[in-house]
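The chains referred to below are lettered A, B, ... by the order of the sequence lines, with proteins before strands, and numbering in each begins at 1.
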Amino acid sequence: MKCVIEGSNVKVFGKAIHALSRISDEMWLDPLEKGLAVRSVGPAHSSYGCFLFTRLFFQLYSLNISSPQAALGRCKLPVKSVLPLFRCSASIERSVDSCKISTGLSDTQVTFQLFCKHGITKTYNLGFQEHDVLQAVFPAHLCPNVLKAQPSLLGDMVIHFPASQEEVTLSVCPKRVTMRNYCEERDQIKVMSTEMSLHPEEFDYFHVGVDSDITFCLKELRGLLSFAESHGLPVYVHFGHPGQPVRFSVENMVLEASVVLATQTDSESEVSVQPGGSEDPAAPSRPQDAPPTAPPEEQVPSSQGSPVLSRPGNLEYFGLHVATDSGAHAAEPESADPATFRLHSLLFGAVSSPWPNEGDVLHTSLACASDTEEDNMEERSSATPMPIY
Amino acid sequence: MRFRAKILDVGCLNSFTRVVNTISKLTKTCTLRLTADNLYFMLSDKVANGGVSMWCELDQGNFFDEFQMEGVASDANEIYLELVPENLSRALRTAQNAKSLKAKLTKKHCPCLTLAAELPSLSSVSRVVTHDIPVDVIPRKLWHDFREPTVPDFDVSIYLPPLKTMKNVIDRMKNLSNFLVLEANRSGQMNLKIETDLVSVSTHFRDLGNPPCDGGSQGASQDLETMAQARVDIKKLQQFLSSQQVNPSKAMCNIVDKKMVHFVWLHENASLQYFIPAMA
C-alpha cells in the first residue's frame with residue numbers, strides 16, 4: 001500500500017491519530033479498497049475508534065492487491081511511535097507539504113515520510129506487529145435513539161466536567177437532555193457532582209424512541225469531540241438502552257470517523273440481548289433477520305473477512321451484536337446477568353483470514369471476520385510478533 | 001439553617017470567581033463563614049497548615065443581588081461550613097457567562113452547597129449547570145477556633161513592591177534555600193535575603209512607601225532605619241504570591257520582628273489577610 005496525503009490533510013490525519021490515542025496505546029493501519037482505515041481498541045475492549053479516510057482524502061492511494069504482503073491489514077503500531085510525527089499541528093501546518101505512508105517494502109516496517117519545506121524529508125520506519133485487526137460491530141440503524149449535534153454543543157456540555165472525570169451519564173427524554181458525572185457508590189460521599197442539562201431543541205436532530213440513561217467513558221470520547229470541533233463536523237450519536245453500546249460519529253466527503261463505547265448496564269434494566277433471541281424490539285437482530293443491505297458506512301469491514309466468533313466472556317463489558325457470514329449460526333453474545341451490576345464488552349470480530357472478495361463481506365455479515373483456522377481468536381494468538389525498532 | 005443567594009451581574013460573578021480562585025490556590029480546605037452581611041473564607045493557624053492563617057472578608061452586597069441567610073440559632077445568626085475551595089472554583093470556572101448564578105445550602109447525600117448557573121443557549125430554554133459541592137457544617141461549639149485574628153502590634157508596616165517582581169525574585173531564591181529573611185523599615189526599604197553555606201543573595205527594594213502608622217505602638221520611638229525582620233518558609237511565601245491573579249489595589253505587609261509577617265491585600269470589594277509565622 002502506498003498513499004500520499006497532501007497539504008492541510010496532513011494535519012487532519014495527525015488530529016485523527018491524536019483522537020485515537022485517547023482510546024488506546026495501539027492502533028491498526030488497515031488499507032482497504034475504498035480507503036485507509038485507522039483503528040484503535042481500548043484496553044478492556046470496551047471502546048473502539050475508527051477513522052476511515054476515503055480515496056478522495058489522498059493525493060495518491062494505491063493498493064497492491066497481488067502483493068505477497070497483502071496481509072498488510074494487520075498492521076498494528078504503538079500509537080506512541082506514530083504520534084510524535086504529528087505532535088505539533090501548528091508546525092505541521094507551517095512546514096510539512098505532504099506525507100507519504102507506504103507498506104509492503106518490508107515485512108516488519110511501515111514507512112512514513114514527511115516532505116517538508118526547504119527540501120527536507122523526514123523518513124520514519126516504524127516497526128509493526130502482525131496482528132488480527134479487531135473491529136466493532138454496531139448496527140446503527142437499529143438504535144432507537146439518534147441525535148445529531150453541532151460539535152460546539154457537545155463541547156459546551158463536556159466542558160463542565162474536569163479532564164479527570166472518567167465516566168458520565170447521558171440521560172435523554174423528550175423534554176430534556178442531561179449529562180452528569182458518574183461515580184461508583186462508594187466514592188460518592190465527598191465527590192462534587194455536576195449536572196448539565198439542556199433542551200432537545202438545541203440538537204440538529206433529536207429522535208428518542210426510548211428514554212434512556214447511558215453511562216460511558218468520557219475520556220475516550222474527548223478525542224473525537226475535539227476532532228469534530230476543529231473541523232466543524234456535526235456529531236451523530238446512536239444509542240439505545242443502558243448496556244447497549246453508544247456510537248459517536250462524524251463524516252464528510254473524505255472521511256468517516258466513529259467511536260463506539262460500551263455503556264453500563266444495571267441490575268434493574270432489561271438487557272436486550274438474550275440467548276436464543278430477543279424480545280426487545282430495540283435489540284439488534286440476528287444475522288438471518290438483518291437487512292441484507294446493511295449500510296456500509298455503519299462499520300468499515302476489514303480488508304479480510306471471515307466468520308466471527310463471539311468472544312468468550314470474561315470481559316466485563318457488554319457484547320454488541322455478533323454476526324457470522326453465510327448464514328452460519330451466530331454465536332450468542334453473552335447475556336447480562338440481571339442480578340449483578342456490571343459492564344459488558346464490545347464484541348469484536350478479529351480479522352485475519354486470507355483476502356476474500358470484499359463485496360461478499362458487505363452483504364452477508366454486519367461484522368467482520370475472525371480466524372477460521374482457530375477457535376481461539378484471542379488477541380494473544382497473533383502471528384510471530386515483529387520486533388519494533 | 002438556610003442559605004440562598006443569587007448573582008445576576010456578570011462583573012460581580014467574575015470578581016467573586018477571582019476571589020475564590022485566589023483562595024483555592026492558598027489552601028486545600030478552608031472554612032466559609034456566612035453572616036447576614038458578609039462572607040468570610042478562613043483558615044486557622046493549625047500546625048497542619050504550617051502555622052499560616054488566612055482571613056478573607058467580602059461584603060455580600062458587593063457581589064450578590066439576593067442574599068438570604070438564617071443561621072443556626074437566632075442569637076447565633078451565622079453558618080460555618082468547611083469546604084474545598086477548588087470545588088467552588090471549578091464550579092464557577094465554566095459559568096462565567098451565566099445569566100444568573102444561584103447558590104444555596106442543600107442536603108443531598110450529605111450537606112452540600114449547590115450552585116446552579118443558567119447559561120445562554122441556542123433555544124428558548126436556558127441551559128442549566130448544577131454543581132453539588134459537599135460541605136461539612138461546623139458545629140457552634142467549634143466556632144471559637146475561627147475568630148478574626150487580632151492585628152498584632154507590628155514593628156514595621158510597608159507597601160509591597162510589584163507582586164510580579166517579588167514573585168520572580170522569590171521563585172529563584174526558592175531554588176537555593178528553604179528559608180528567606182524578609183526585612184523592612186519605616187523608610188520604605190525592604191530586603192529579601194537568603195543565606196546558605198555556599199551563597200547568600202539579597203534583593204533590595206527602595207522607596208516603597210509606608211502606610212500611615214496608626215497601629216504600631218513603638219512608632220514614635222523607633223528609628224526610621226531600623227529593620228524589622230522575620231525568617232519565613234520560602235514555599236509558603238511563594239504560594240501566597242502565586243495565588244494572586246490580579247494585582248490588588250493595595251498590598252502591604254506588617255512585620256513583627258522575629259515573630260511573623262502579616263500580609264494585607266485590598267482587592268476589588270474583598271480584603272485578604274495572610275499570616276506567616278517566623279521560624280527560628
Quiz item: Taking side chain as C-beta onward, heavy atoms only, is A:Arg176 less than 4.5 Å from B:Val128?
Solution: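 Yes; the side chains approach each other to less than 4.5 Å.
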Quiz item: Considering only heavy atoms from C-beta outward, does the side chain of B:Arg127 approach that of A:Ser197 to under 4.5 Å?
Solution: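 Side-chain contact under 4.5 Å: no.
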Quiz item: How long is the span from the CD1 atom in B:Ile133 to the NZ atom in A:Lys190, to the nearest 0.5 Å?
Solution: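 Here the interatomic distance stands at 12.0 Å.
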Self-check item: Separation of B:His131 NE2 from A:Glu195 CD (nearest 0.5 Å)
Solution: 10.5 Å
Exercise. Using a heavy-atom cutoff of under 4.5 Å, enumerate the residues of residues 152-163 of chain A that contact chain B, numbered in order, or state 'none'.
Key: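 So far as heavy atoms go, A:Leu153, A:Asp156, A:Ile159, A:His160, A:Pro162 are the residues that approach chain B to under 4.5 Å.
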Self-check item: Close approach to chain A in residues 76-94 of chain B, criterion heavy atom under 4.5 Å
Solution: B:Asn87, B:Arg90, B:Ala91, B:Thr94
Take atom [atom1] of [X] as the centre, draw a 6.0 Å sphere, and report whether it contains more than 12 heavy atoms from other residues, nucleotides or ligands.
X	atom1	value
B:Lys102	NZ	no
A:Asp25	CG	no
B:Lys28	NZ	no
A:Lys219	NZ	yes

Practice problem: Side chain from CB out, backbone as N, CA, C, O: work out which of these in B:Ser126 comes under 4.5 Å of a heavy atom of chain A, or both, or neither. | Solution: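 The backbone, not the side chain.
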Self-check item: Contact origin within B:Leu115 toward chain A - heavy atom pairs under 4.5 Å
Solution: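 B:Leu115 has no heavy atom closer than 4.5 Å to chain A.
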Quiz item: If you look at every heavy atom in B:Pro134 and A:Met192, which pair is closest and at what distance?
Solution: CD-CA, 3.8 Å
Quiz prompt | Choice from A:Arg180, A:Met196, A:Glu202, A:Met179 maximising heavy atom contacts with chain B below 4.5 Å | solution =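 Of the candidates given, the most pairs with chain B belong to A:Glu202.
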